[in-house]
Each structure stands twice: as structure tokens, then as C-alpha cells.
Undergrad: 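Please find one structure pasted underneath; my questions will follow.
Below, chains carry the letters A, B, ... as their sequence lines are ordered, and counting in each starts from 1.
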Number of protein chains: 2
Amino acid sequence: MDMESRTYTIRQLAREFAVTPRTLRFYEDKDLLHPARQGQSRIYNYRDRARLQLILRGRRLGFSLIEIKEMLDLYNLGDGGVEQLKMTLRKSKARIATLERQRADIEAALAELREGNNQIKRLLDEKGVGADAL
Amino acid sequence: MDMESRTYTIRQLAREFAVTPRTLRFYEDKDLLHPARQGQSRIYNYRDRARLQLILRGRRLGFSLIEIKEMLDLYNLGDGGVEQLKMTLRKSKARIATLERQRADIEAALAELREGNNQIKRLLDEKGVGADAL
DNA sequence: AATGCCGTTGACGTTAACGTCAATTTTTGG
DNA sequence: CCAAAAATTGACGTTAACGTCAACGGCATT
């Protein structure tokens, strides 16, 4: 419990994750982040940092910010009643389903790319080009 | 070689893949599809259909249309010289790298969702709710 | 001949996810 | 203490990926 007390300015966090401060403010505007304030300035803690990581992962997977927010909200469980929990469970299962579909898509795409890749290598080989294409 | 000779009107193809005709025209405008013409009307063959499948898969994976086009172009190999082939190989490897990263992201996300999922099930169990949440 | 039903090409509208100023504090090093 | 660097809040611009609407041209049926 020492590293966890680290805080970040908006620019520090932005630089670390290769985004702009504008992006972080935008995410806050969209209710994806809720950093504390020191006067006017935003001050991010390790939890905000972890949330940002999740957001960016969702972004890399092609989800919209709204979808990402819904996924993040899934982690705030246990505060509602039974019906709330059931709802969360349903949404969570739906997310899992789409992610599994994406995984299947990825594996299909990878297989095809690797195949084409091999064809090219054979072509280059026929033309007398060695495996110096690293 | 009989099914391969099937052709489709724009609306047929659109319906089959749950997109609008507008989308198919848009993809053509962006040089992702090149259907033949019968007079003015577009006429799609099995190859166009396969390309569309690849396009939509790329879309599900969150790639931009430009990126998708580049990926599709990777399949038109063998028509260039050695340098071209090398270039294609490099791009192909880059694609593979980002796809593998996506796959890693997906597996991390899946693990976390499944974990939260189990927590919810436990909570529901404690509250006396059975496994009727299918 | 008129009524629909595709199909076409523009042209313009829309939403998401920021970028880009501008004007104004706030914070910080010397 | 003061200038420079960094932070803030608007406001407007931009790009991608289509949607929507208008105006038009074949045909096929009624």
C-alpha cells in the first residue's frame, strides 16, 4: 500500500498511455473517468489509472465508449438488489458472447494471413530470395 | 462450379448480411468492392460476396475501412516484383502482430468478465437464488 | 396509362471521438 | 515575486461511416 497512493497529473497519465489530455477530459465528460480535484486541477489515482487501462483495451477491441462504459459498470457489482444482479449477469454474458465471437474472427483472420504469408515466402524462395526478411 | 456462378442483386446481398444497399455502394465508392454492371445495375458474384464477408469481419474487429482495404490487398499477391512481395510480407506481419495483441486483450477481458460473473453467481447464491439465470 | 418496385446518382445530414484554437487561471521554478 | 509552463473551460472544426432524401430511369403488373 504505497504504490497505490501514487497520483498523476493529467499530462503524466496522458503521456504514459500515449493519449492527449483532451482525451482524458473527454472521457471524464462522458463519465468514464472521475478523477479528484485539487482546486481546479484534476488529480488521478491508481484506480483512475486502472480504469483508463480498461478503457483503452476496450478501444483497441473496437468498442464504442458507450459500450466500454457499460462494461466498466459491470465491475461495480453488489450494490444493487437481486434483479440488478441478474441484469448485470445477463449483460455480462452478452459481452462474453460477443468477445468470443471476436476471438473466432481473429483466429480466422490470423489463419488466412499466415497462409498468405507462407505463399509469399514460397514465391520469394522460388525467386532465390533467402529468409532475410526479418 | 455451379454455386460459384450464382449472382446477387444489391438488395439480396444487403439482406443476407444485414447491411443496407447504401453500405454496399459506399464500400464500392471506397474501392472495397467492384461488382460488375448489367446496364446501370450492380451485379455481385461469389467473389464479391466473399470479399464482403472479409470486410464485415474486419469491421467486427474494429478496423477502419482503410485498414480493411489494406488487408484485402494483401490477398492480391504475386503480381508484383520482389520488393513488392517483401513489402506485402512486412505489412502482413504487422497485421498479424496487431491481431495477436487483440487476441491477448480479448482473453484478458474474458477472464475478468468471467471472474465478475462468478462473483455475481456467488452473491445470488447467498441470497438464495438458484441457477435459473439462463 | 398509371401504379409500384427496384435500381441509379448526387447532395446533404448525422454521430462518435476526438483535435484545435482562444481566453483565462493556476501552478511552479528561479 | 514574476515569467513561463501547465491547467481549465468553452466553442468550433474534423473525419469516418454511413443515413436520409430527392429526382430520375427501367420494367412489370393491373
Undergrad: So what does A:Arg22 touch, heavy atoms closer than 4.0 Å: a base, only the sugar-phosphate, or nothing?
TA: base

Undergrad: State yes or no: do B:Leu24 and B:Ile43 share one hydrophobic cluster built from I, L, V, M, F, W and Y residues joined by side-chain heavy-atom distances below 4.5 Å, directly or via other members?
TA: no

Undergrad: Determine, for B:Glu16 against B:Arg6, whether the closest basic-nitrogen to carboxylate-oxygen distance falls under 4.0 angstrom.
TA: no

Undergrad: Please determine whether the number of non-hydrogen atoms from other residues, nucleotides or ligands lying under 6.0 Å from atom CZ of A:Arg114 exceeds 12.
TA: yes

Undergrad: In a check of side chain to side chain contact (heavy atoms under 4.5 Å, CB included) between B:Leu113 and each of A:Lys91, A:Arg95, A:Lys93, which one passes?
TA: A:Arg95

Undergrad: Could you tell me whether the phosphate oxygens of C:dT9, OP1 or OP2, come under 4.0 Å of any side-chain nitrogen or oxygen in B:Arg42?
TA: yes

Undergrad: Residues from residues 51-63 of chain A sitting under 4.0 Å of DNA chain D, heavy atoms only?
TA: none

Undergrad: Just how far is it from atom CD of A:Glu107 to atom CG of B:Leu99, taken to the nearest 0.5 Å?
TA: 10.5 Å

Undergrad: Starting from the C-alpha separation in whole Å, work towards a yes-or-no answer on side-chain hydrogen bond (donor to acceptor under 3.5 Å, both in side chains) for B:Glu112 and A:Tyr75.
TA: CA-CA 9 Å; B:Glu112 287 170 17; A:Tyr75 296 139; 3.2 Å; yes

Undergrad: What are the bounds, 5' to 3', of the part of DNA chain D that sits under 4.0 Å from heavy atoms of chain B?
TA: D:dA17 to D:dT20

Undergrad: Could you check whether atom CD1 of B:Ile66 has more than 12 heavy atoms from other residues, nucleotides or ligands sitting under 6.0 Å from it?
TA: no

Undergrad: In B/S/- notation, 5' to 3', how is nucleotides 24-30 of chain C contacted by protein heavy atoms closer than 4.0 Å?
TA: ---S---

Undergrad: Grab the CG-C1' distance between B:Leu24 and C:dT8 for me, whole Å please.
TA: 14 Å

Undergrad: Rounded to the nearest 0.5 Å, what separation is found between the CG atom of A:Asp31 and the CG atom of A:Leu65?
TA: 12.0 Å

Undergrad: Hey, are the side chains of B:Phe26 and B:Thr20 touching, using non-hydrogen atoms and a 4.5 Å cut-off?
TA: no

Undergrad: Decide, yes or no, whether a salt bridge links B:Asp73 with B:Lys69 under the criterion of side-chain N to carboxylate O below 4.0 Å.
TA: yes

Undergrad: Would you mind telling me which residue lines up with the more 5' stretch of DNA chain C, A:Thr23 or B:Ile10, judged by nearest nucleotide?
TA: B:Ile10

